[in-house]
There are 2 protein chains.
Amino acid sequence: MDKANIILDAMKTLLEQDDGASCSVSDIAKKAGIGKGSIYYYFKSKDEIFDALVEREYHQIIENCRVLMNRSYADAAQKFALLFRSYRSSTSLLAMDHYLHQQQNAAIHQKSLAKILSSLSPIVADIIRQGVEEKSFRCEKPQETAEIILSVYCFLYDPGIFKWTPEQLKEKASALATLLENGLSAAKGSFQFLYQT
Amino acid sequence: MDKANIILDAMKTLLEQDDGASCSVSDIAKKAGIGKGSIYYYFKSKDEIFDALVEREYHQIIENCRVLMNRSYADAAQKFALLFRSYRSSTSLLAMDHYLHQQQNAAIHQKSLAKILSSLSPIVADIIRQGVEEKSFRCEKPQETAEIILSVYCFLYDPGIFKWTPEQLKEKASALATLLENGLSAAKGSFQFLYQT
DNA sequence: TGTTGTTCGACCGACGGTCGAACAATGAGA
DNA sequence: TCTCATTGTTCGACCGTCGGTCGAACAACA
């Protein structure tokens with residue numbers, strides 16, 4: 001396997017092990033079974049390793065979402081729900097995710113949120129555009145609107161930043177659904193999936 | 001003056017100087033004119049110093065916003081604009097932002113964003129409630145809606161997370177304004193202040 | 001003079017990152 | 001096929017800096 005990927009695997013393993021507490025470059029090198037100097041032959045800095053790991057881990061998830069959207073024949077609201085559920089189930093399988101929500105991994109967490117938003121927003125924007133064509137949504141700026149929706153989801157719903165109770169989360173989801181229904185001039189209940197189940 | 005506040009002043013000054021690059025505990029001690037050991041007589045850790053600084057600096061800003069809202073006689077949309085401008089001008093004076101937007105301080109950054117959201121959201125919620133009473137807004141969940149609006153501001157507009165151009169920011173603000181106008185059933189142009197100037 | 005509160009900077013371990021020596025792999029010229 | 005020079009790769013000792021500790025020393029006061 002690629003040496004760079006061996007390094008990323010080592011870091012991922014360490015992040016999953018003990019809350020990422022012992023994730024120094026030396027630790028990564030030891031876990032990867034190579035010298036510390038070699039790490040810096042493949043990566044310029046520790047931050048760059050972070051970036052590469054985030055890139056690698058989320059690439060597959062995003063790709064799955066994209067494929068799902070392209071091969072599904074559904075109206076915009078249904079696609080929204082499909083995407084929402086697909087993404088939720090994918091990330092719940094990502095073992096790293098739980099550790100991202102801890103204080104000491106805030107930097108990589110932030111980077112991964114930024115990646116999610118920038119990768120998913122074009123997909124969400126396409127759904128909105130489809131809704132506009134189908135006359136079920138009204139929206140002049142699909143891309144920016146998609147970013148707004150996702151930023152709420154990334155930030156307000158993040159268990160690493162806020163400790164809401166399930167009831168509070170449901171209230172917020174319901175408020176977002178109403179805001180989107182009216183904001184996009186969509187049919188009542190189009191965004192029910194946000195707070196159901 | 002209180003020794004603790006002298007230390008906070010020193011840190012604030014250093015953060016304002018060169019993007020917080022030289023803001024080690026030793027630097028803070030030197031700037032404050034005391035020994036490094038004394039720092040740890042007043043604070044348990046560097047994080048605690050920064051928490052105290054965030055608390056002190058944002059308390060005043062939030063308080064200003066609260067007072068401004070209470071003594072202003074304006075309709076809800078005007079109050080929104082007032083609050084927005086007051087907050088923007090206050091935070092632009094805060095040079096701490098540079099420090100917060102560096103990778104290694106992501107944890108503290110998150111904390112301060114969470115503080116902003118939880119402190120400002122009740123104020124925004126009150127504005128929305130006023131708008132509902134005045135029949136200029138329609139909203140069933142003012143508190144949650146306020147949090148949604150603020151989370152967009154805290155996350156999507158954060159220069160430490162995303163590097164948007166001014167034009168892109170304006171597009172996003174315009175999209176948010178439209179979404180809010182429709183989402184709150186407000187009059188066209190109610191949220192123009194978001195993307196003007 | 002004893003006690004308590006305060007100050008201090010030398011010191012510590014850990015960190016991210018550097019460095020040059022050493023080792024493998026390659027291929028051109030004889 | 002045997003050099004040998006070149007290039008790519010590996011390594012851990014080493015560096016400077018950081019956040020944080022520590023005990024000695026000092027100040028204030030009873």
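Bear in mind that the values here come from a model prediction, so they are computed numbers and not experimental data. Each chain gets a letter, A, B and so on, in the order the sequences are listed, and its residues count up from 1.
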Practice problem: Using whole Å, report how far CE of B/Met11 lies from P of D/dG19. | Solution: 9 Å
Quiz item: What does B/Ile39 touch in the nucleic acid at a heavy-atom separation under 4.0 angstrom: a base, only the sugar-phosphate, or nothing?
Solution: nothing
Quiz item: How close or far is atom P of D/dG19 from atom NZ of B/Lys46, stated in whole angstroms?
Solution: 4 Å
Quiz prompt | Any residue meeting side chain to side chain donor-acceptor pair (under 3.5 Å) with A/Glu171, in chain and number order, not counting sequence neighbours | solution = B/Lys141
Self-check item: Sequence neighbours excluded - ring pair (Phe, Tyr, Trp, His ring centres under 6.0 Å) pairs with any residue from residues 52-75 of chain B
Solution: none
Exercise. Quick one: label B/Phe43 by what it contacts on the DNA or RNA (base, sugar-phosphate, nothing), any heavy atom closer than 4.0 Å.
Key: nothing
Practice problem: May I have the distance from B/Asp27 (atom CG) to D/dT17 (atom P), rounded to whole angstrom? | Solution: 11 Å
Quiz item: What is the nucleic acid contact for B/Lys36, judged by heavy atoms within less than 4.0 Å: base, sugar-phosphate only, or nothing?
Solution: base
Self-check item: Heavy-atom contact window of chain B on DNA chain C, given 5' to 3' at under 4.0 Å
Solution: C/dG5 to C/dG9
Quiz item: Start at the 5' end of DNA chain C and walk down; is the nucleotide closest to A/Ser24 or to B/Gly35 reached first?
Solution: B/Gly35
Practice problem: Any ring pair (Phe, Tyr, Trp, His ring centres under 6.0 Å) involving residues 15-53 of chain A? Give me the pairs, sequence neighbours left out, ordered by first then second residue. | Solution: none
Quiz item: Who pairs with A/Lys115 by salt bridge (charged side-chain N to carboxylate O under 4.0 Å, His left out), at least two apart in sequence or on another chain?
Solution: A/Glu55
Self-check item: Residues that, via side-chain heavy atoms closer than 4.5 angstrom, fall in one hydrophobic cluster with B/Val67
Solution: none
Practice problem: Using heavy atoms to find the nearest nucleotide of DNA chain C for A/Gly37 and A/Ser26 separately, return the residue whose nucleotide is more 5′. | Solution: A/Ser26
Self-check item: Enclosure of A/Lys163 NZ (heavy-atom neighbours >12, cutoff 6.0 Å)
Solution: yes
Exercise. Tell me what A/Ser38 touches on the nucleic acid: a base, only sugar-phosphate, or nothing, going by heavy atoms under 4.0 Å.
Key: base
